[in-house]
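Please read these numbers as outputs of a predicted model, since none were measured by experiment. Counting convention: from 1, in listed order, for ligands and their atoms alike. Throughout, residue positions are numbered sequentially from 1 according to the sequence presented. Only this structure's heavy atoms are used, side chains among them; waters, hydrogens and symmetry mates stay out.
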Amino acid sequence: MPQLRERAAAVLESGAYILGPEVAAFEEEWARHLGVRHAVGVANGTDAITIALRAMGVGPGDEVVVPSFTFYATAEAIPPTGARPVFCDVDPETFCVTPETVRAALTPRTRAVVTVDLFGNVAPVDEVEALGVPVLSDSAQAAGSRRHGRRAGASGAAATFSFFPSKNLGGFGDGGAIVTGDDAIAERARSLRFHGSADKVTYDDVGYNSRLDELQAALLRVLLPHLDAWSDGRRAAERHYAEAGLAELVALPRPTEGAEPAWHLYVVRHPRAPELEEALARVGIGARGYYRTPVHRQAPMREHGAAARLPVTDELAATHLAIPMSPVLDRLDAIQVVSAIREARA
Ligand SMILES: Cc1ncc(COP(=O)(O)O)c(C=O)c1O
């Protein structure tokens, strides 16, 4: 895309590299795209979670409920707020939390729940919020997804995104954003990303140096108008897999009720997933188990996860397998992958 080079050159020549007009414009465009009032650009999707939770009032002594079947960063972002992660289970077919799995982890100390739009599916944020606890939606993997006609990230007290290069909307380095309809959360997040200050003179908090930079923002502005077409491509790839007969061979992911996922990863289930992974690798097809060790079993999380009993998470860790997914995966690609899976299972 020649526009990327042009915009990058323009930023280099502008002399404004941090919190300038490109970040402000991207924040406005990203908020408008999602249909939310505010977007706050930060350095990455991990900081976005920490900062959003603190902006929501989470702090020392609090508990934050979080699924264990997710990327490590979702839970890793909680202890820096002073709160403790409390792990919950997920639905075996959607990979997302449900009101029931969250309810089982609630205590009088629960201050927030982090739901995860895992693999591009959209977690039932409204239903979890109906339990009476504020929800932060980790939508890092779900740019382009929708549920009940709303964009992933447009529900809950706030949501976070990552613009890591491999994401559905990926930049050319690290980047992230917090989005919210709540003016106070947005204002506090803006302050926290800048050392806890609104004016660089007085400091209200021990905050962070965590900004989306001008170069990333300028490049993301070039890519954003393509996001919906890419998301349609991901949905078409899912249809190609269905038409090629994938459901006869492995268990397919199920969108949550009302969801239209722009699958970031297309994750199927099979009792011998690691063997299938190896067999596919032998014929040159990249398939991968992303979360073989769930977060609550990772060494740094043991103090928080030791008591957790999460049978679905443990089963998914062993049986999930991400097969190729991209906006340009066509009918023939799908037939080739499905044939390889058929042969590998034979
Ligand atoms: C579900 C989830 N949460 C959080 C993150 C963290 O984002 P980042 O890598 O931008 O810090 C990622 C991606 O890396 C992710 O997939």
message = With a heavy-atom distance limit of 4.0 Å, tell me whether N44 approaches ligand 1 through its side chain, its backbone, both, or neither.
response = both
message = Give me the residue, atom name and distance of the protein heavy atom closest to atom 13 (C) of ligand 1.
response = K167 NZ, 2.7 Å
query = For atom 15 (C) of ligand 1, what's the nearest protein heavy atom and its distance?
reply = A140 CB, 3.6 Å
message = For R147, is there an ion pair with D117 - N to carboxylate O distance below 4.0 angstrom?
response = no
ask   = Should H264 be listed as contacting ligand 1, given a heavy-atom distance under 4.0 Å as the test?
value = no
ask   = In terms of residue, atom name and distance, what is the protein heavy atom nearest to atom 6 (C) of ligand 1?
value = T46 OG1, 3.4 Å
query = For atom 3 (N) of ligand 1, which protein heavy atom lies nearest, and how many Å away is it?
reply = D138 OD2, 2.7 Å
message = Just to confirm my output: which protein heavy-atom neighbour is closest to atom 9 (O) of ligand 1, and how far is it?
response = S162 OG, 4.0 Å
ask   = Who's the nearest protein heavy-atom neighbour of atom 12 (C) of ligand 1, and how far?
value = F71 CD2, 3.5 Å
query = Hey, is D182 close enough to R37 for a salt bridge, meaning N to O under 4.0 Å?
reply = no
key: R190 to F194, cation-pi by 6.0 Å centre distance and 45° axis angle   = no
query = Would you call R292 and E277 a salt bridge, using N to O less than 4.0 angstrom?
reply = yes
key: F26 and W30 aromatic ring geometry - parallel, tilted or perpendicular at 30°/60° bounds   = parallel
query = How are the rings of H320 and F69 set to each other: parallel, tilted or perpendicular (split at 30° and 60°)?
reply = perpendicular
Plane angle bin for Y241 and Y266 - parallel if under 30°, tilted between 30 and 60°, otherwise perpendicular = parallel
Residue and atom name of the nearest protein heavy atom (relative to atom 8 (P) of ligand 1), distance in Å to one decimal = G45 N, 3.4 Å
inquiry  = Just to check, does D174 reach to within less than 4.0 Å of ligand 1 when the distance is taken from its heavy atoms?
reply    = no
